[in-house]
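None of the values given here were measured: they were computed from a predicted structure.
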Amino acid sequence: MMLVDINLLPDDERKQSSWLKAVIAIAALGLVLILAFVILGYYQGKAVDTLASQLSQEQKLRAQKEEKIAELESMDTWANLDAAVKWAEGYPMPMLPVLGEVVDALPERGFLEEFTYTGAGALELGIQFDSSRESAYYLERISSTKLVSDVKLLGVETEALEDGEDASDGVLPRYLARYALTLDREAVKGTADEEEEGE
């Protein structure tokens, strides 16, 4: 006898249900990935918007600061220009014409011992004379020159005789006079320019 194998459950339905489960799982995974990318994109977009707004604020702030700097620089430019003019006015002037006038005014036995430019058109001189009277004559001569606007006699000192020298031997003491001169800047520059043109 032969036994008949009867299978009441169809074979195809099992295969279809596993196939259906795999498709649903893949679709669900794809949906989760798409949802994750959308959420990530949304947050990235917010971050980009935040950075863009910060950038625009920084650019506005920078523009304001550049305007203030430009404004300060324009004010600073005037201050620098004023400082440059003051510096140019105080710049040392040519001393060759002044030295010529100082030496020309000396008496025959007068000797220039010190010549100090103290700045801003001021000089200090130390001159040796044979007599104290010559210091007064020199004061008159130097004050009449066109390069000097003001002269002051600071003092006259008698130089002591050296050891072995005696007034009875005919050696007289020498006098050292100190002067403070204020120069006429325009006259000095004009004289220097005339000398340059003459060369």
Side-chain angles (χ1 to χ4, degrees), residues 1-100 102 114-125 146-150 152 154 180-199:
M1 246 264 279
M2 203 180 214
L3 284 175
V4 179
D5 188 18
I6 299 178
N7 187 0
L8 296 175
L9 293 174
D11 242 357
D12 288 338
E13 282 183 24
R14 273 191 207 163
K15 289 181 181 176
Q16 282 183 350
S17 84
S18 64
W19 170 250
L20 185 61
K21 287 179 183 176
V23 169
I24 289 174
I26 291 173
L29 183 62
L31 195 60
V32 168
L33 288 175
I34 290 172
L35 186 60
F37 281 124
V38 167
I39 291 172
L40 187 63
Y42 174 76
Y43 284 117
Q44 288 295 328
K46 277 196 155 204
V48 168
D49 290 343
T50 303
L51 290 175
S53 69
Q54 286 178 349
L55 180 64
S56 73
Q57 286 177 352
E58 291 293 328
Q59 287 174 339
K60 288 178 185 176
L61 193 64
R62 181 179 178 191
Q64 288 174 350
K65 287 186 178 183
E66 284 177 353
E67 286 178 15
K68 286 181 181 178
I69 288 171
E71 195 175 291
L72 289 174
E73 283 179 350
S74 66
M75 284 197 263
D76 197 33
T77 302
W78 287 109
N80 287 344
L81 184 61
D82 187 39
V85 167
K86 287 180 181 176
W87 176 82
E89 288 174 350
Y91 187 74
M93 56 187 111
M95 285 293 123
L96 192 58
V98 175
L99 186 58
V102 166
E114 292 178 30
F115 183 92
T116 308
Y117 181 71
T118 59
L123 284 177
E124 287 187 9
L125 303 176
K146 64 179 183 175
L147 302 182
V148 177
S149 62
D150 186 36
K152 292 180 184 170
L154 300 176
L181 281 70
T182 304
L183 302 174
D184 182 354
R185 293 177 117 5
E186 298 302 319
V188 171
K189 288 179 184 177
T191 304
D193 290 343
E194 288 172 12
E195 288 179 1
E196 284 180 14
E197 289 173 5
E199 291 178 358

Novice: Taking the side chain as C-beta and beyond, is there a heavy-atom pair between Leu183 and Val148 under 4.5 Å?
Specialist: yes
Novice: What's the separation between atom OG1 in Thr191 and atom CG in Leu96, rounded to the nearest 0.5 Å?
Specialist: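 Atom-to-atom, Thr191:OG1 and Leu96:CG are 11.0 Å apart.
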Novice: Minimum heavy-atom separation for Phe115 and Leu125, please, with both atom names.
Specialist: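 Closest heavy-atom pair between Phe115 and Leu125: CD1-CD2, 3.4 Å.
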Novice: Calculate, to the nearest 0.5 Å, the distance between atoms CG and CG belonging to Asp150 and Leu181 respectively.
Specialist: 8.5 Å
Novice: Does any part of the side chain of Leu51, heavy atoms only, come nearer than 4.5 Å to the side chain of Leu55, both counted from C-beta?
Specialist: no
Novice: If every non-hydrogen atom of Leu123 is compared with every non-hydrogen atom of Val98, which pair is closest and at what distance?
Specialist: CD1-CG1, 3.4 Å
Novice: Knowing that exactly one of Gln59, Lys65, Glu66 qualifies, which makes a side-chain contact (heavy atoms from CB on, under 4.5 Å) with Arg62?
Specialist: Glu66
Novice: If I take atom CG from residue Leu31 and atom CD1 from residue Ile26, how far apart are they, to the nearest 0.5 angstrom?
Specialist: 13.5 Å
Novice: Which heavy atom of Ala187 sits nearest a heavy atom of Lys146, and at what distance?
Specialist: CB-O, 3.5 Å
Novice: Please check if the side chain of Ser149 supplies one atom and the backbone of Thr182 the other of a donor-acceptor pair under 3.5 Å.
Specialist: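 Indeed, once roles are kept as given, a pair shorter than 3.5 Å links the two residues.
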Novice: To the closest 0.5 Å, what do you measure between CG (Leu33) and CG (Leu40)?
Specialist: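 Those atoms lie 11.5 Å apart.
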Novice: Do Val102 and Met95 touch side chain to side chain, with heavy atoms closer than 4.5 Å?
Specialist: no
